[in-house]
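Below is one structure, written out as structure tokens; comments come after it.
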Amino acid sequence: QVHLVESGGGLVQPGGSLRLSCAVSGINSGPYLMAWHRQVSEKQREFVARISSGGGTSYAESVKGRYTISRDNAKNTVYLQMNSLKSEDTAVYYCTLPALEYWGQGTQVTVSS
């Protein structure tokens, strides 16, 4: 059974940083594109960042230059480094394996003073 487990969320002040982790089990995630999405309250989930099997990355315009997605295939883990956080980054962040439509349970990130 495949599981994507996010961790690293929490409360941070504006301008601060957090690093999210996504531990994948039940499948070798190396050959797959991995992504992060987020959801604010009842709004639609939105794309945040993706990383290909070869390490190519792309980002939503709203986070470009502040977020960095990376992966460690040896650890079967994907990361999201979030810097210069803003209140509008507050959301539940989800790790996803889009090709197989797997989603994690999400981790809450709250940016507030």
**Prompt:** Where do Ser58 and Phe47 land on the side-chain contact (heavy atoms from CB on, under 4.5 Å) test, with the steps shown first?
**Reply:** CA-CA 10 Å; Ser58 62; Phe47 164 76; 4.0 Å; yes
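- Met34 and Tyr67 end up in the same hydrophobic cluster when Ile, Leu, Val, Met, Phe, Trp and Tyr side chains are linked at under 4.5 Å.
- Between Arg71 and Ser29, some side-chain heavy-atom pair lies under the 4.5 Å cut-off.
- Hydrophobic clustering, with ILVMFWY side chains joined whenever heavy atoms are under 4.5 angstrom apart, groups Leu80 together with Leu18.
- More than 12 heavy atoms of other residues, nucleotides or ligands sit less than 6.0 Å from atom OH of Tyr59.
- A heavy-atom distance below 4.5 Å is found between the side chains of Pro98 and Leu33.
- Checked by atom type and distance alone, the side chain of Thr90 never pairs as donor or acceptor with a backbone atom of Thr110 at under 3.5 Å.
- For the pair Cys22/Tyr94, no side-chain contact is recorded, criterion being any heavy-atom separation below 4.5 Å from C-beta on.
- Under the 4.5 Å side-chain heavy-atom criterion for grouping Ile, Leu, Val, Met, Phe, Trp and Tyr, Leu4 is connected to Ile27 within one hydrophobic cluster.
- A donor-acceptor distance shorter than 3.5 angstrom exists from the side chain of Ser52 to the backbone of Gly54, with no hydrogens or angles considered.
- Residues Trp36 and Ile69 form a side-chain contact, since some pair of their non-hydrogen atoms from C-beta on lies under 4.5 Å apart.
- No donor-acceptor pair closer than 3.5 Å links the side chain of Asn73 to the backbone N or O of Asn76.
- Contact record, Leu20 with Gly9: CD2-N, 3.6 Å, taken as the closest heavy-atom pair.
- Tracing side-chain contacts under 4.5 Å through hydrophobic residues (I, L, V, M, F, W, Y), one reaches Ile51 starting from Met82; they form part of the same cluster.
- Checking Arg66 against Ser84 by side-chain atom types alone, no donor-acceptor pair falls below 3.5 Å.
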**Request:** Please test Tyr93 against Glu6 for side-chain contact (heavy atoms from CB on, under 4.5 Å), starting from the C-alpha separation and ending with a verdict.
**Result:** CA-CA 8 Å; Tyr93 283 72; Glu6 303 94 336; over 6 Å; no
**Request:** Evaluate the side-chain contact (heavy atoms from CB on, under 4.5 Å) criterion for residues Thr68 and Asn83: first the C-alpha distance (whole Å), next the side-chain angles of each, then the deciding distance (0.1 Å), finally the verdict.
**Result:** CA-CA 9 Å; Thr68 302; Asn83 298 329; 5.6 Å; no
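- At a threshold of 4.5 Å between side-chain heavy atoms, the hydrophobic network of Ile, Leu, Val, Met, Phe, Trp and Tyr places Val48 and Tyr102 in one connected group.
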**Asked** Run the side-chain contact (heavy atoms from CB on, under 4.5 Å) check on Gln81 and Ser70 step by step: do they pass?
**Response** CA-CA 8 Å; Gln81 177 67 43; Ser70 61; over 6 Å; no
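- Between His37 and Trp103, the two ring planes are tilted [angle within 30° to 60°].
- Here the shortest heavy-atom pairing between Gly30 and Ser53 reads O-CB, 3.3 Å.
- More than 12 heavy-atom neighbours from other residues, nucleotides or ligands sit within 6.0 angstrom of CD on Glu88.
- Looking only at distances, a side-chain donor or acceptor of Asp89 sits under 3.5 Å from a matching main-chain atom of Lys86.
- Side chains of Arg38 and Val63 form a contact here, defined as non-hydrogen atoms less than 4.5 Å apart.
- Judged by distance alone, with hydrogens and angles left aside, the side-chain atoms of Arg45 form no donor-acceptor pair with the main-chain N or O of Val40 at under 3.5 Å.
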